[in-house]
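Notes follow the structure.
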Amino acid sequence: MSEAIRHSPARAVVIGGSMAGMLAAAAVKDQVGSVEIIESHDLPEGPEPRVGVPQAVHIHLLQSGGVDALEELLPGVIDQLAASGAHRIPVTTNMIIYSPEGWYRRWRRATHRLMTASRDLTDHVVREQVLKEPHVNVRTRSRAVGLLGDGRRVTGVRIRTAGEGEGDGEGERETELRADLVIDASGRASRMPQWLAELGISGLAEDRVDSGLVYASRMYRAPVPTHGWPVVSVNADPRLPEPASAGGILPIEGDRWHVSLMGAPGGQPTRDADAFEPFARTLRHPIIADLLALAEPLTDVSITHSTANRRHYYERLRTWPEGLVALGDSVAAFNPMYGQGLSVIAQGALALRELARGGLVPGLSRRAQRAIARPVEAAWALTVGQDIHFATTTGRNPHFTDRLLQRYVNRLSLTATGSFRTATALTDVLTLQSPPTSLVRPGVLLSALVGPLRPQLAGPQFTPEELALLDGVRGRS
């Protein structure tokens, strides 16, 4: 007779109050009697910066696959985000993208959608939606320091809660928190590998592929109304001899532009505010610099070096304890240049929810870990498949098959500049709605063989209305 959870109501403990932690709570809240979220810091009450999220100062978006997953997890949350100022971006209708193969067309028929907003707003709306459930609670100023149980079953966590002497470690008290399910959503700083080793579980494989890109970001007051304004992106070209560079402008709430610039070793951006816009002018096209010349900077420049792709292959371990799941950056973190992170988290949380609907039964944790790995694998193939071709990348070198695949993807990208069908197939994959293997379907192979059906655009494709707005700004200047 198989062992099942014998006592009711069941309790889930989530390590980390990040986006991954909140979505983990959303995934299991209907299957347990209580969810306790363990968070090291206080959580803001509004759309304000959360301590411990340095990446929040850089651009974020939800790909179509992430938008769909988030709406499945929290019905109504996408409308709530939009009502709070987030932008729905039809793809590629409201996108100006300069790929290594040329300018993508803004097809009139939108096939996908993105959501753009500040990370603070996205976190706030999701957090508010999750924490309105009376049986979902947050224990702040607390951190998990170990797992309870053994290599067969995890039965809870050991936590330390800060007291009056929080700054110097005085006043901390350690307690045990029992749980039927522990979900590690503690991010890049996760101690899961060490905790597994303490339980006697070894053989964990890890990958790290680092392009060396540095991110520099700041907020601007947009010179035009941002409702309906396009995303602007200049992508890096790994085939060029100089250090790779890229940049993007996302319209966000409050008629602001969120701008991030990226550069590889030998050509990295700095914190110098006076150098931000000149750096933008060194990209493969000056469109971002031209637009920023019309805008008003609102913040200083923020820098991050944490752009490495890192992955733990928990799903490959020979043994995995019951009652334990890892989700989000604690499983895999990606180069933020490709905008996959939040969407992968949402898809992983949705996979966990679908499995948890059957109850906290034996084998759930292992099945959930394998299901979480599937969207991770898709995003990993995309991001690492691009990063390994930069000359500055460490951790893995491209092999013959990698170069052959890259040539095919380059051909698809070139075809997509003048073929709606190919652009749609490529966007299906880039927005995490189809697996990369879909790009070798007969119809896609044939379109790549034929090539673009329309001539390439000579420059960025602004609409007459957008050009009129920009001309008006220049006239006032």
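This structure is a prediction, so every number in the text was calculated from the model and none was measured.
Side-chain atoms of Val331 and Gln369, non-hydrogen and from C-beta on, do get closer than 4.5 Å to each other. Annotation: side chain of Pro100 is not in contact with side chain of Asn410 (no heavy-atom distance under 4.5 Å). In this structure the side chain of Ile38 reaches within 4.5 angstrom of the side chain of Val13, judged on heavy atoms. Using a 4.5 Å heavy-atom threshold, the side chains of Tyr104 and Met95 count as separate. In this structure, the side chains of Asn94 and Arg106 come closer than 4.5 Å at one or more pairs of heavy atoms. Considering only heavy atoms from C-beta on, Val259 comes within 4.5 Å of Leu292 through its side chain. Put simply, the side chain of Ile96 reaches to within 4.5 Å of the side chain of Trp103, judged on heavy atoms. Within the 4.5 Å cutoff, the side chain of Val429 has heavy atoms near those of the Ser438 side chain.
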| task | Evaluate the criterion side chain to side chain contact (heavy atoms under 4.5 Å, CB included) for residue pair Ile78 and Val67; output intermediate values, then yes/no. | result | CA-CA 7 Å; Ile78 297 302; Val67 171; 3.9 Å; yes

| said: For a side chain to side chain donor-acceptor pair (under 3.5 Å) check, start with the C-alpha distance between Gln268 and Tyr215, then their side-chain angles and the critical distance, and finish with the verdict. | reply: CA-CA 8 Å; Gln268 296 171 328; Tyr215 255 63; over 6 Å; no

| Does the side chain to side chain contact (heavy atoms under 4.5 Å, CB included) test come out yes or no for Leu445 and Tyr408, once each step is laid out? | CA-CA 9 Å; Leu445 288 165; Tyr408 176 61; 3.3 Å; yes

| said: Between Leu196 and Leu317, does the side chain to side chain contact (heavy atoms under 4.5 Å, CB included) criterion hold? Intermediate values first, please. | reply: CA-CA 11 Å; Leu196 290 175; Leu317 286 170; 4.1 Å; yes

| request: Take Arg153 and Asp180 through the salt bridge (charged side-chain N to carboxylate O under 4.0 Å, His left out) test and state the conclusion after the steps. | output: CA-CA 9 Å; Arg153 175 177 286 281; Asp180 305 292; over 6 Å; no

| task | I would like to know whether Gln340 and Asn335 meet side chain to side chain contact (heavy atoms under 4.5 Å, CB included); could you show each step before the answer? | result | CA-CA 8 Å; Gln340 310 286 17; Asn335 183 344; over 6 Å; no

| field | salt bridge (charged side-chain N to carboxylate O under 4.0 Å, His left out) evaluation trace for Asp210 with Arg310 | value | CA-CA 8 Å; Asp210 188 359; Arg310 183 205 35 78; over 6 Å; no

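How far OG1 of Thr394 is from CD1 of Ile388: 12.5 Å, rounded to the nearest 0.5 Å. Interatomic distance, Arg127 CZ to Met22 CE, rounded to the nearest 0.5 Å: 6.0 Å. Here the straight-line distance linking atom CD of Gln63 with atom CG of Leu70 works out to 13.5 Å at 0.5 Å rounding. Put simply, OG on Ser211 and CE on Met337 are 6.0 Å apart, with the number rounded to the nearest 0.5 Å. Taking CD of Glu242 as the reference point, atom CG of Asp237 lies at 8.5 Å (rounded to 0.5 Å). If you take CZ on Arg108 and OG1 on Thr92, they are separated by 12.5 Å, rounding to the nearest 0.5 Å.
Side chains of Glu253 and Ser118: a donor-acceptor N/O pair is present below 3.5 angstrom, by distance only. The closest side-chain donor-acceptor pair between Glu128 and Gln80 falls under 3.5 angstrom. With 3.5 Å as the limit, one finds no donor-acceptor pair spanning the side chains of Asp387 and Thr393. Under 3.5 Å, the side chains of Asn309 and Asp207 contain no donor-acceptor pair of N or O atoms. Between Glu101 and Ser413, the side chains place a donor N or O and an acceptor N or O closer than 3.5 Å (distance only, hydrogens not considered). Counting only N and O atoms by type, the side chains of Thr122 and Asp120 include no donor and acceptor under 3.5 Å apart. No hydrogens or angles considered: a donor-acceptor pair under 3.5 Å links the side chains of Ser190 and Asp184. Side-chain contact of Ser64 with His112: a donor-acceptor pair under 3.5 Å is absent, judged by distance alone. Side-chain contact of Thr415 with Thr422: a donor-acceptor pair under 3.5 Å is absent, judged by distance alone.
Put simply, the side chain of Thr116 gets close to the backbone of Pro251: a donor and an acceptor are under 3.5 Å apart. Using a distance-only test at 3.5 Å, with no hydrogens or angles considered, a donor-acceptor pair links the side chain of Glu322 to the main chain of Gly363. Judged by distance alone, the side chain of Thr417 and the main-chain N or O of Leu414 form a donor-acceptor pair under 3.5 Å. At least one donor-acceptor pair closer than 3.5 Å links the side chain of Trp320 to the backbone N or O of Leu324. A donor-acceptor distance shorter than 3.5 angstrom exists from the side chain of His285 to the backbone of Ile287, with no hydrogens or angles considered. No side-chain donor-acceptor contact under 3.5 Å links Glu315 to the backbone of Ala368. Between the side chain of Arg88 and the backbone N or O of Leu114, no donor-acceptor pair lies under 3.5 Å.
With salt bridges taken as basic N to acidic carboxylate O contacts below 4.0 Å, one links Arg281 and Asp290. Ionic pairing of Arg113 and Asp68 is present here: one or more N-O contacts between side-chain nitrogen and carboxylate oxygen are shorter than 4.0 angstrom. Salt bridge Asp428/Arg441: absent, no basic N to carboxylate O contact under 4.0 Å. Salt-bridge formation is not detected for the pair Glu377/Arg370: no Lys NZ or Arg NE/NH1/NH2 atom is positioned less than 4.0 Å from an Asp or Glu carboxylate oxygen. Glu72 has a carboxylate O that lies under 4.0 Å from a charged side-chain N of Arg353, or vice versa, which qualifies the two as a salt bridge. Salt bridge annotation for Arg367-Glu354: absent, with no cationic side-chain nitrogen under 4.0 angstrom from a carboxylate oxygen.
With a 6.0 Å cutoff to the six-membered ring centre and a 45° limit on the axis angle, Arg316 counts as a cation-pi contact of Tyr313. The cationic atom of Arg218 (NZ for Lys, CZ for Arg) lies less than 6.0 Å from the six-membered ring centre of Phe276 and within 45° of the ring axis. A cation-pi arrangement is present between Arg284 and Tyr98, with the terminal nitrogen or guanidinium carbon under 6.0 Å from the aromatic centre and inside a 45° cone about the axis.
The two atoms that bring Ser186 and Ser330 nearest to each other are N-CB, 4.4 Å, heavy atoms only. Summarising the geometry of Val130 relative to Ala26, their closest heavy-atom pair is CG2-CB, 4.1 Å, with the distance given to 0.1 Å. Here the closest heavy-atom approach between residue Leu213 and residue Thr307 is recorded as O-OG1, 2.7 Å. The nearest pair of heavy atoms linking Ser18 to Ala185 is OG-O, 3.3 Å. Nearest approach of Leu121 to Gly85, heavy atoms of both residues: CD2-C, 4.4 Å. Of all the heavy atoms in Ala448 and Arg411, the pair that sits closest is O-NE, 2.7 Å.
Ring centroids of Trp229 and His87 are separated by 6.0 Å or more, keeping the two rings apart.
The environment of Arg239 atom CZ is dense: over 12 non-hydrogen atoms of other residues, nucleotides or ligands sit within 6.0 angstrom.
Evaluated for a side chain to side chain contact (heavy atoms under 4.5 Å, CB included) with His60, the options Arg119, His258, Met19 yield exactly one hit, Arg119.
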